Q: 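Let me begin by handing over the structure; questions about it come next.
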Amino acid sequence: MSSIRAVAPAKINLSLRVRSLRPDGYHEITTVFHAVSLADEVTVSAAAAGVGRIVTTVGDRTASVPGGDDNIAGRAAVALARHAGLPDPDVTIDIAKAIPVAAGMAGGSADAAAALVALRRLWNLDVSDAVLSEIGAQLGSDVPFSLMGGTARGIGRGEVLTPVLTDGELHWVVALSDAELSTPAVYAEWDRLLADGLVSAAGDAADADAPLLAALRQGDPREVARHLVNDLEPAAASLRPHLRGVLDAGSELGALAGMVSGSGPTCVFLAEGREAAIALAAEMSGTGLVRGVRHAVGPASGARIVA
Ligand code: ATP
């Protein structure tokens, strides 16, 4: 087959608790990832000998997305080939982006995950999902979840995953921001707020997310809404103060809950169901506070090949 196409989902963190800074510079976190229906599409094909990795990206605001091996999908190609004992590959990787860039929704990780599953097929490799996930974890903390999809608890840097049982669908309004935020900058701001005593590190309690997990099992969006938490929200809002206004607008417009997604600046709002989400999206868009809105449904599948 001359080209293979795969899709991979954006993620929302239903819970994101930040613990200590580790000696390797990463923060220890406990999180509940939730994959949603916004997805990037990645098409891979063999290229002429000697060209290396040619990565192109199309979509909204993709000017800042690098090409070649600076793109995480290019790095994924090299990592998978090396794992398989192959020379650095000549391959074209075309990315069609629906996941906003540098927005706290793991768009880069989704592209790496989609590239890994597509290239495994293109090169007919006998690599298990577990090994693909290990290769993904070397590329970025969120890549294993982009491969897995659904809803899952994550510990460590977020790469050690356990699937979570859920019932029903959750309907989200995704509010896009004009600004980008870099994840390291948001963690650095969180460290600064911690040093100033303005935030505190999450404790060891293994069951802090038990009420959220119970609500997900019940499939009750109102109950889920009560237990959403993002420890990075104060840091993202400190760097982008207008996010407070976006969150306030969502709650005034009747969202069950709203929060910054991951490291931001995208904000996500939970609605009672499909119709409520569509109505909320229209009203949010009318506020003029956001660059655009999307309706997204979770849980969504992890990275997979499409015909
Ligand atoms: P996360 O939520 O995983 O922390 P994010 O969603 O905030 O990440 P990304 O969209 O993954 O952010 O992009 C972060 C940066 O990574 C971009 O600013 C860009 O420079 C770089 N990058 C490399 N490859 C990609 C890619 N395929 N898509 C998007 N950004 C990429």
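For reference, positions follow the sequence shown, starting with 1. Here the structure is a predicted model, which is why all the values come from computation and not from measurement. Counting starts at 1 for both ligands and their atoms, following the listed order.
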Q: Do you know which two heavy atoms are closest between Ser301 and Pro9, and how far apart they sit?
A: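 Distance-wise, the nearest heavy atoms are O-CG, 3.2 Å.
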Q: Does the distance from a Lys or Arg side-chain N to an Asp or Glu carboxylate O, for Asp178 and Arg61, drop under 4.0 Å?
A: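 Counted as a salt bridge, because a side-chain N and a carboxylate O are separated by less than 4.0 Å.
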Q: Just wondering, are more than 12 heavy atoms of other shown residues or ligands nearer than 6.0 Å to CG in Asp126?
A: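 Atom CG in Asp126 is not crowded, with 12 or fewer foreign heavy atoms closer than 6.0 Å.
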Q: Can you tell me if Thr166 and Thr151 form a side-chain donor-acceptor pair at under 3.5 Å?
A: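 The criterion, which ignores hydrogens and geometry beyond distance, is not satisfied for Thr151 and Thr166.
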Q: Can you list the ligand 1 atoms lying under 4.0 Å from a non-hydrogen atom of Gly104?
A: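 In order of number, 2 (O), 5 (P), 6 (O), 7 (O).
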Q: Is Asp88 salt-bridged to Arg82, cutoff N-O under 4.0 Å?
A: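 Salt bridge present between Asp88 and Arg82.
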Q: Quiz question for you: does at least one protein heavy atom lie closer than 4.0 Å to atom 15 (C) of ligand 1?
A: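 Given the 4.0 Å cut-off, atom 15 (C) of ligand 1 does not count as touching protein heavy atoms.
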Q: Could you list the atoms of ligand 1 found under 4.0 angstrom from a heavy atom of Val65?
A: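 Numbered from 1, ligand 1 contributes 25 (C), 26 (C), 28 (N), 29 (C).
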Q: With a heavy-atom distance limit of 4.0 Å, tell me whether Ile99 approaches ligand 1 through its side chain, its backbone, both, or neither.
A: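 Looking at Ile99 and ligand 1, no heavy atom falls under 4.0 Å.
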Q: In terms of residue, atom name and distance, what is the protein heavy atom nearest to atom 11 (O) of ligand 1?
A: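 The closest heavy atom on the protein side is Gly108 N, 2.8 Å.
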Q: So, do Thr43 and Ile4 sit near enough that their side-chain heavy atoms are less than 4.5 Å apart?
A: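 They are not in contact (no side-chain heavy atoms under 4.5 Å apart), so the answer is no.
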Q: For ligand 1, is there an N or O atom under 3.5 Å from any N or O atom of Asp111?
A: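 Among all N and O atoms of Asp111, at least one is under 3.5 Å from an N or O of ligand 1.
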Q: Heavy-atom distances under 4.0 Å are what count here, so tell me which part of Ala103 touches ligand 1: side chain, backbone, both or neither.
A: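 Answer for Ala103: backbone.
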Q: Looking at ligand 1, would Asp40 count as a contact under a 4.0 Å heavy-atom criterion?
A: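 No; Asp40 lies far enough from ligand 1 that no heavy-atom distance drops under 4.0 Å.
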Q: Has Gly262 got any heavy atom lying under 4.0 angstrom from an atom of ligand 1?
A: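 Heavy atoms of Gly262 never come under 4.0 Å of ligand 1.
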Q: For Ala73, does its backbone N or O pair with a side-chain atom of Asn71 as donor and acceptor, under 3.5 Å?
A: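 Confirmed, Asn71 side chain pairs with Ala73 backbone.
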Q: Taking both backbone and side-chain atoms of Leu181, is any N or O found less than 3.5 Å from an N or O belonging to ligand 1?
A: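 No, Leu181 has no N/O under 3.5 Å of an N/O on ligand 1.
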Q: Looking at atom 28 (N) of ligand 1, what's its closest protein heavy atom, distance included?
A: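 Protein heavy atom at minimum distance: Lys97 CE, 3.0 Å.
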Q: May I ask you to check if ligand 1 and Thr183 share an N or O to N or O distance below 3.5 Å?
A: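 Yes; at least one N/O pair falls below 3.5 Å.
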Q: Measure from the side-chain N and O atoms of Arg240 to the backbone N and O of Glu180, and report whether any donor-acceptor pair falls under 3.5 Å.
A: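 Pair found, side chain donor or acceptor close to backbone of Glu180.
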Q: With a 4.0 Å cut-off on N to O distance, would you call Arg17 and Asp231 a salt bridge?
A: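 A salt bridge is absent here (no side-chain N lies under 4.0 Å from a carboxylate O).
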Q: What residue and atom, counting heavy atoms only, is the protein's closest point to atom 6 (O) of ligand 1, and at what distance?
A: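 Looking at atom 6 (O) of ligand 1, the protein heavy atom closest to it is Ala106 N, 2.9 Å.
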Q: Between Asp69 and Arg75, is the closest basic N to carboxylate O distance under 4.0 Å?
A: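 Here Arg75 does not pair with Asp69 in a salt bridge, since their nearest N and O are not under 4.0 Å apart.
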Q: Does ligand 1 have any atom that is closer than 4.0 Å to a heavy atom of Ala73?
A: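 No, that is not the case, since the closest heavy atom of the residue is not under 4.0 Å from the ligand.
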Q: Going by the atom numbers of ligand 1, which of them fall below 4.0 Å from some non-hydrogen atom of Ser64?
A: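 Answer for ligand 1: 20 (O).
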Q: Around atom 3 (O) of ligand 1, find the nearest protein heavy atom and jot down its residue, atom name and distance.
A: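 In this structure, atom 3 (O) of ligand 1 has Asp142 OD2, 2.9 Å as its nearest protein heavy atom.
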Q: Does Arg244 come within less than 4.0 Å of Glu233, counting only side-chain N to carboxylate O?
A: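 Salt bridge: yes.
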Q: How does Ser141 reach ligand 1, if at all, at less than 4.0 Å between non-hydrogen atoms: by side chain, backbone, both, or neither?
A: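 For Ser141, no heavy atom sits under 4.0 Å from ligand 1.
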Q: Heavy-atom pairs closer than 4.0 Å: do any link ligand 1 to the side chain of Ile72, the backbone, both, or neither?
A: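 Within the 4.0 Å criterion, Ile72 contacts ligand 1 through backbone and side-chain atoms alike.
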Q: With side chain to side chain donor-acceptor pair (under 3.5 Å) as the test, pick out the partner of Ser15 among Thr30, Asn230, Asp209, Thr31.
A: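 For Ser15, the side chain to side chain donor-acceptor pair (under 3.5 Å) check succeeds only for Asp209.
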Q: Quick one: which ligand 1 atoms are inside 4.0 Å of a heavy atom on Asp70?
A: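 Ligand 1 atoms under the 4.0 Å threshold to Asp70: 23 (C).
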Q: Minimum distance, heavy atoms only, to atom 19 (C) of ligand 1: which one of Pro66, Gly107, Gly59, Ala102 is it?
A: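 Ranked by closest heavy atom to atom 19 (C) of ligand 1, first place is Pro66.
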Q: Are any of the side-chain nitrogens in Arg222 or Asp220 under 4.0 Å away from the carboxylate oxygens of its partner?
A: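 No, Arg222 and Asp220 are not salt-bridged.
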Q: When you measure from atom 17 (C) of ligand 1 to every protein heavy atom, which one gives the shortest distance, and what is it?
A: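 Its nearest protein heavy-atom neighbour is Val101 CG1, 4.3 Å.
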Q: Under 4.0 Å, heavy atoms only, figure out whether ligand 1 is touched by the backbone of Asn71, its side chain, both or neither.
A: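 Both parts.
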